[in-house]
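A quick write-up on the structure given underneath.
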Amino acid sequence: MFSDFIEELSWRGLIQHKIDGLEERLSEKMAVGYIGFDPTANSLHVGSLLPIMVLVRFQRAGHKPIAIVGGGTGMIGDPSGKTAERQLLDSQTLQKNVEGLKNQLYKYLDFENGENKAELLNNIDWLGKLSMIDFLRDVGKYFRVNVMLTKDSVKKRIESEVGISFTEFTYQILQAYDFEYLYRTKNCILQMGATDQWGNITAGTDYIRYKHGSEGRVFGLTFPLVTKADGTKFGKSEKGNVWLDPNLTTPYQFYQFWLRCDDNTAPKFLRYYTLLDKQKIEQLEQEHAQAPHLRILQHALADEITTFVHGKDALNLARKTTKALFSKNLEEAFAGLSDEEINLILSGADSITISREQLQTGLSILDAIVLSGLKQSKGDARKLIQSNGFSVNKLKWTQPNDVLTEKHLLQNKFIMLQSGKSDIVVLKTE
RNA sequence: GGGAAGAUAGCCAAGUGGCCAACGGCAACAGACUGUAAAUCUGUCCUCUUCGGAGUUCGUAGGUUCGAAUCCUACUCUUCCCA
């Protein structure tokens, strides 16, 4: 039962590097493996979803996952993939971020049941106790500077204009120490991470081998950094980062993010981020090829991931809201719905609330656009209208000097403001 | 310690006394075509605006000039060469 983890990752295209022998070791018996999460923000965003899914698959394959939040290493800053020295966070912010990450990870892994229940640890608990002298005597002795210099993350920074501080240079030792600590105390034999972590991971496996000799047979595995087919940065919407916290990115916005995925990237993301099996994904691809305009892959992607991250109820609401807002005929879409149903559907959308009196006296359309956040100034709002990019209740609005009044209300309740094709804000009245 | 080159908008980068809110590219936003996709073509793209304009930018601070991103001085930072 332990054997299919590597095979699974492999067909999903999730293996970039791995240390030989891992597959055999995993098939023998339950293994303990870990991934570290960086507390640079107080919520995880979609970029962290891939490591989470890898841990989830690891646990589903019968192994025991450990998630580390980097309360200690976060104080230092990982130079991997960074062109400039990291701005250090103060310990209060860091502490808050660590708590935020913990709460989210509890949602995705099973921390309750079975021999392979997940664990969550904060590396400040052991790194914080390490004294300077102990560190240099017991840990630093095992690291050769010439080897450390060859790591990509260090090499790139040394060659760059900004260089690298001693602090960040030592980062790999701390991460290696984490791995060794987990090996020693939790019998953890595998560290996983994105491709840019390979140097840090091998620093750990080398360290364990030196320190524990032939007993120290441990493994590393990396998965690709997420990219999109068009080369643009993954994980940003027009409003910024896409977060996993529903208070920062609503389930509707989250659902929409995946729904807008392009055709070339969708098959990859289905493999990366969903628990659908190979057969199902290939079937979806065939259906998609038959009728691409139905966007079958995008719907499957958005449905699966939104359910996983926010749950079935949130998905249903996001779908209902999407269906209502993107319907061609609004009157029809809302006809026959009760007040409660309408309120529920609108509660999922981005919205602003204004007073009834403002509509009675007439609300300038430019003000409305700025209030809604669709554009940040009246000048921008005017340009939007002039370029034919603004609609009210799905009808193009061409007069920048006109006003919104009660006659624009749908169901006597709300007005739909839309910039471009997909950015919709609902204006509600009190 | 000595010398040389450089710093321009979110990023890259041209401009070396007036024609400069500053060529071009990327990213971003909007339109057309589509499928809330990609590609392509078009428009916008320092800030605000009552769309008439107004205000603030070319490392920082001064200066020369009717006029400075452009010339001068000092300072800060970066890169390279020599010791």
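By convention in this document, chain letters (A, B, ...) are assigned in the order of the sequence lines, proteins followed by strands, and residues within each chain are numbered from 1. Computed from a prediction, not measured in an experiment: that's the story for all the values here.
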Could you list the residues that satisfy side chain to side chain contact (heavy atoms under 4.5 Å, CB included) with A:Asp402, not counting sequence neighbours? A:Trp397, A:Gln399

Partners passing side chain to side chain contact (heavy atoms under 4.5 Å, CB included) against A:Ala291 (at least two apart in sequence or in another chain): A:His293, A:Leu294

All pairs passing side chain to side chain donor-acceptor pair (under 3.5 Å) where residues 133-145 of chain A contributes a residue, at least two apart: A:Ser131-A:Asp134

Writing each nucleotide of RNA chain B 5' to 3' as (, ), [, ], | or . by Watson-Crick or G-U pairing under 3.5 Å yields ((((((((.[[[..)..(.....]]].(((((.......))))).(((....)))...[[[[[..)....]]]]]))))))).

To the nearest Å, give me how far apart NZ (A:Lys421) and P (B:U34) are. 10 Å

A:Arg295: which residues meet the salt bridge (Lys or Arg N to Asp or Glu O under 4.0 Å) condition with it, sequence neighbours left out? none

Contacts of type ring-ring contact (aromatic ring centres under 6.0 Å, His included), residue A:Tyr210, not counting sequence neighbours: none

Atom CD1 of A:Ile385 and atom C1' of B:C29 are separated, to the nearest Å, by 15 Å

How would you list, by chain and number, every residue that makes a side chain to side chain donor-acceptor pair (under 3.5 Å) with A:Glu341, sequence neighbours excluded? A:Ser338

Check residues 120-127 of chain A and write down every donor-acceptor pair under 3.5 Å in which the side-chain atom is one partner and the other belongs to a residue at least two apart or another chain.
residue, atom, partner, partner atom, Å
A:Asn122, OD1, A:Gly71, N, 3.1
A:Asn122, OD1, A:Ile124, N, 3.1
A:Asn123, OD1, A:Gly71, N, 3.2
A:Asn123, OD1, A:Gly72, N, 2.6
A:Asn123, OD1, A:Thr73, N, 3.4
A:Asn123, ND2, A:Thr73, OG1, 2.8
A:Asn123, ND2, A:Asp178, OD2, 2.9
A:Trp126, NE1, A:Asp178, OD1, 2.8

How is A:Gln256 classified with respect to the nucleic acid when contacts are heavy atoms under 4.0 Å: base, sugar-phosphate, or nothing? base

Among residues two or more places apart or on two chains, list those pairs meeting ring pair (Phe, Tyr, Trp, His ring centres under 6.0 Å) that have a residue in residues 342-367 of chain A. none

Could you check whether A:Thr322 gets within reach of a base, just the sugar-phosphate, or nothing at all, counting any heavy atom under 4.0 Å? base

What does nucleotides 40-48 of chain B look like as a protein-contact string, B for base, S for sugar-phosphate only, - for none, at under 4.0 angstrom between heavy atoms? ----S---S

With sequence neighbours left out, the residues meeting ring-ring contact (aromatic ring centres under 6.0 Å, His included) with A:His288 are none

Using a heavy-atom cut-off of 4.0 Å across all strands, would you classify A:Asn388 as base, sugar-phosphate, or nothing? sugar-phosphate

Can you list, in residue-number order, the parts of residues 288-319 of chain A that come under 4.0 Å of RNA chain B, counting heavy atoms only? A:Pro292, A:His293, A:Arg295, A:Gln298

Rounded to the nearest Å, what distance is computed from the CZ atom of residue A:Arg260 to the C1' atom of nucleotide B:A38? 16 Å

Determine whether the aromatic ring centres of residues A:Tyr207 and A:Phe179 are separated by less than 6.0 angstrom. no

What is the separation between atom CD1 on A:Ile369 and atom P on B:U49, rounded to the nearest whole Å? 12 Å

